[in-house]
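In what follows, a single structure is set out as structure tokens and then discussed.
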Amino acid sequence: FNLGTRYAAGKGVPKNETKAVELYRKAAQLGLPEAAHTLAGLYAHGVGTPQNGAEAIRWYTYAANHGQVRSMLALGQLYRSGVLADKNIHLSIYWYERASAAGSPDADFNLGVIYDQGASIKRLLHQAALYYLAAAEKGHPAAAYNLALCYAAGEGVELDYAKALHWARTSKDRGVA
């Protein structure tokens with residue numbers, strides 16, 4: 001895995017993305033989830049290898065099933081967007097919920113957006129607000145902003161201008177205007 005990283009970056013060896021893919025694949029086949037995650041990303045973006053959605057999904061799934069939260073997030077996004085995989089909001093939610101259970105504020109935020117927008121699934125504003133709150137409490141700036149909007153409009157939560165102001169200030173303090 002470390003040698004693959006060196007070839008990918010050209011650190012101490014000539015940069016060779018194809019060789020990096022080969023080394024990441026060997027490490028992934030030996031059961032290293034971080035290598036599987038990295039290999040999946042290379043397949044997803046076509047770096048050092050032709051772009052291959054099936055292989056990206058295969059290796060992200062392996063890594064996610066071995067605790068790689070970043071792979072759970074990647075699967076959530078792939079299934080949500082329909083890029084490299086058939087669009088499947090239920091699989092997207094499944095992977096985001098797994099990442100949420102592992103403590104990911106990004107997963108909480110994305111689940112909030114899914115339920116807030118109601119694209120391909122019933123719009124559940126209360127559920128959206130709960131996920132925004134979970135993400136905001138973990139420091140996610142955009143979730144704090146969206147939560148402020150929920151409180152200001154009374155969407156999914158009781159109308160509460162004081163809480164709206166609190167979360168708006170929190171999001172501003174975290175860099176979201």
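Keep in mind that this is a model prediction, so the values were computed, not measured. Numbering of residues begins at 1 and proceeds along the displayed sequence.
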Ignoring hydrogens and angles, write down the donor-acceptor pairs under 3.5 Å from the side chains of residues 159-169, residues two or more places apart or on other chains.
| unit_1 | atom_1 | unit_2 | atom_2 | d |
| --- | --- | --- | --- | --- |
| D160 | OD1 | A162 | N | 3.1 |
| D160 | OD1 | K163 | N | 3.0 |

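In this structure, R6 places its CZ atom where only 12 or fewer heavy-atom neighbours from other residues, nucleotides or ligands lie under 6.0 Å away. Shown here is D86, whose CG atom has no more than 12 heavy atoms of other residues, nucleotides or ligands within 6.0 Å.
Considering all non-hydrogen atoms of both residues, A135 and A143 come closest at CB-CB, 3.4 Å. In plain terms, the two heavy atoms of L147 and A129 that are nearest each other are CD1-O, 3.8 Å. Across every non-hydrogen atom of A99 and V69, the tightest pair is CB-CG1, 4.0 Å. Minimum interatomic distance between P33 and H66 (heavy atoms only, all atoms of both residues): CG-CB, 3.6 Å. Between A8 and Y24, the shortest heavy-atom contact is CB-OH, 4.0 Å. Considering all non-hydrogen atoms of both residues, S171 and P141 come closest at CB-O, 3.5 Å.
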message = Would T170 and Y145 count as a side-chain hydrogen bond (donor to acceptor under 3.5 Å, both in side chains) here? Give the steps.
response = CA-CA 8 Å; T170 299; Y145 179 80; over 6 Å; no
task = Assess whether side-chain hydrogen bond (donor to acceptor under 3.5 Å, both in side chains) is satisfied between Y96 and Q77, documenting all intermediate values.
result = CA-CA 8 Å; Y96 281 140; Q77 180 58 34; 3.2 Å; yes
query = What's the verdict on side chain to side chain contact (heavy atoms under 4.5 Å, CB included) for L91 and L75, showing C-alpha distance, side-chain angles and the deciding distance?
reply = CA-CA 8 Å; L91 277 175; L75 287 164; over 6 Å; no
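In this structure, CD on Q68 lies 10.5 Å from OH on Y62, to the nearest 0.5 angstrom. Remark: L124 CG to L130 CG distance equals 10.5 Å, nearest 0.5 Å. In this structure, CG in D116 is found 6.0 Å from CG in L125, a value given to the nearest 0.5 Å. Atoms CG and CG, on L73 and L78 in that order, are 11.0 Å from each other to the nearest 0.5 Å. Here OG of S100 is found 10.5 Å from CG of N110. Values are rounded to the nearest 0.5 Å.
Side-chain atoms of R80 never come within 3.5 Å of backbone atoms of S92 as a donor-acceptor pair (strictly under, hydrogens ignored). In terms of modelled atom types and a separation under 3.5 Å, the side chain of H126 and the main chain of G156 share a donor-acceptor contact. For N65 (side chain) and T61 (main-chain N/O), a donor-acceptor pair under 3.5 Å exists by modelled atom type.
In terms of hydrophobic clustering, with Ile, Leu, Val, Met, Phe, Trp and Tyr side chains grouped at heavy-atom distances under 4.5 Å, I57 and V83 are assigned to a common cluster. Transitive grouping of hydrophobic side chains (ILVMFWY, heavy atoms separated by less than 4.5 Å) keeps Y60 and L42 in distinct clusters. Linking ILVMFWY side-chain heavy atoms closer than 4.5 Å, directly or via other members, places V113 and W95 in two distinct hydrophobic clusters.
Every residue meeting the salt bridge (Lys or Arg N to Asp or Glu O under 4.0 Å) condition with E155, not counting sequence neighbours, appears here in chain and number order: R123. Listed by chain and number, the residues in a side-chain contact (heavy atoms from CB on, under 4.5 Å) with L32 are F1, A27, A35 (sequence neighbours excluded). For K87, there are no salt bridge (Lys or Arg N to Asp or Glu O under 4.0 Å) partners at least two apart in sequence or on another chain.
Each side chain to side chain donor-acceptor pair (under 3.5 Å) pair with one or both residues in residues 30-59, not counting sequence neighbours, appears once here: R25-Y43, E34-R70, H37-S71, E55-R58, E55-W59. Within the structure, salt bridge (Lys or Arg N to Asp or Glu O under 4.0 Å) pairs that include any residue of residues 91-108 comprise D108-K138 (at least two apart or interchain).
Checked against the 6.0 Å centroid criterion, the rings of H90 and Y94 do not qualify as a close aromatic pair.
Residues Y131 and I114 form no side-chain contact, since every pair of their non-hydrogen atoms from C-beta on lies 4.5 Å or further apart.
Between F109 and Y132, the ring-plane angle classifies as tilted under the 30° and 60° cut-offs.
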